[in-house]
Amino acid sequence: MKTSFTLLALFAAATFALADEHVDRGHVATKHKLTLEGAKKVGEAAAKYAKDNGAGPSIAVVDDGGYLLYFVRPEESFAAGANVSIGKARTSAIFKKPTKDFEDTINKGRLTMTALPDFTPLQGGVPIIHDG
């Protein structure tokens, strides 16, 4: 029993030592991510900007993988706006560029861009960039 416990303790110590070694060698990256509170602040700021400019769009905020963190659809917004805003947010986050760039590219004749799955090339999606 004591031998098993000693081997387990040695294994655990070796695992932690190797984990630290991999961090020191750059095998593990630190990644900043948007929190729910941060997503709410971004969404609320976007809603205020829209209201101040006479618009009432649906607003979606997603993480860097395109997964929804925050969403609001004003009562006066059209129902399909929900899917459109989420699609624009997702497209912008995954490609790390404004969706207006894609709309402009397609309008110039590069129609093959429309073949991408889960792709919403309509202006309005803007990526959230941290330290960039």
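All heavy atoms count here, side chains included; hydrogens, waters and symmetry mates do not. This one's a predicted model, so the numbers in the text were calculated from it and none came from an experiment. In this chain, numbering begins with 1 at the start of the sequence shown.
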Same apolar cluster: Leu122 and Ile94, side chain cutoff 4.5 Å: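 Leu122 and Ile94: separate clusters.
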Is it possible for you to say whether Val72 and Val126 belong to one hydrophobic cluster, with membership spreading through side-chain heavy-atom contacts below 4.5 Å?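 No; tracing contacts between hydrophobic side chains, which count when under 4.5 Å, never links both residues.
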Check: Thr91 and Leu116 side chains under 4.5 Å, non-hydrogen atoms: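 Side-chain contact under 4.5 Å: no.
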With sequence neighbours left out, which residue pairs that include part of residues 29-40 fulfil the side-chain hydrogen bond (donor to acceptor under 3.5 Å, both in side chains) condition?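 Qualifying pairs: Lys31-Asp64.
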For residues 96-107, pull every pair meeting side-chain hydrogen bond (donor to acceptor under 3.5 Å, both in side chains), keeping only residues two or more places apart or in separate chains.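 side-chain hydrogen bond (donor to acceptor under 3.5 Å, both in side chains) check on residues 96-107 returns Lys100-Asp104.
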Show which residues join Leu36 in its hydrophobic cluster (side-chain heavy-atom contacts under 4.5 Å, direct or indirect), or state none.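 Traced through the cluster, Leu36 reaches no other member.
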Pair Ile128-Val61, side-chain contact (heavy atoms from CB on, under 4.5 Å): steps then yes or no: CA-CA 9 Å; Ile128 298 171; Val61 180; 3.9 Å; yes
Looking at [X] and [Y], what are the two nearest heavy atoms and their distance?
{"X": "Gly56", "Y": "Pro74", "value": "O-CG, 3.5 Å"}
{"X": "Ala50", "Y": "Pro57", "value": "CB-CD, 3.5 Å"}
{"X": "Pro98", "Y": "Pro127", "value": "N-CD, 3.6 Å"}

Quick one: pull up CG in Leu34 and CG in Asp63 and give me the separation to the nearest 0.5 Å.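 If we round to the nearest 0.5 Å, Leu34:CG and Asp63:CG are 7.5 Å apart.
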Is Asn53 reaching over with its side chain to a backbone N or O of Ala55, donor-acceptor style, under 3.5 angstrom?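 Not at all, since once roles are kept as given, no pair shorter than 3.5 Å links the two residues.
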Treating Thr114 as the side-chain partner and Leu111 as the backbone partner, does any N or O pair qualify as donor plus acceptor under 3.5 Å?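 Side chain of Thr114 to backbone of Leu111: a pair is present.
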Pairs satisfying ring pair (Phe, Tyr, Trp, His ring centres under 6.0 Å), at least one member in residues 38-81, at least two apart: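 Passing the test, one end in residues 38-81: no pairs.
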Filter on ring pair (Phe, Tyr, Trp, His ring centres under 6.0 Å), then keep only pairs touching residues 89-125, sequence neighbours left out; what's left?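 For residues 89-125, and leaving out neighbouring residues, the ring pair (Phe, Tyr, Trp, His ring centres under 6.0 Å) pairs sorted by first residue read Phe95-Phe102, Phe95-Phe119, Phe102-Phe119.
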Which donor-acceptor pairs under 3.5 Å do side chains of residues 80-90 form with protein atoms, sequence neighbours excluded?
from	atom 1	to	atom 2	distance (Å)
Ser85	OG	Gly81	O	3.1
Ser85	OG	Ala82	O	3.1
Lys88	NZ	Gln123	O	3.1
Arg90	NE	Gly66	O	3.0

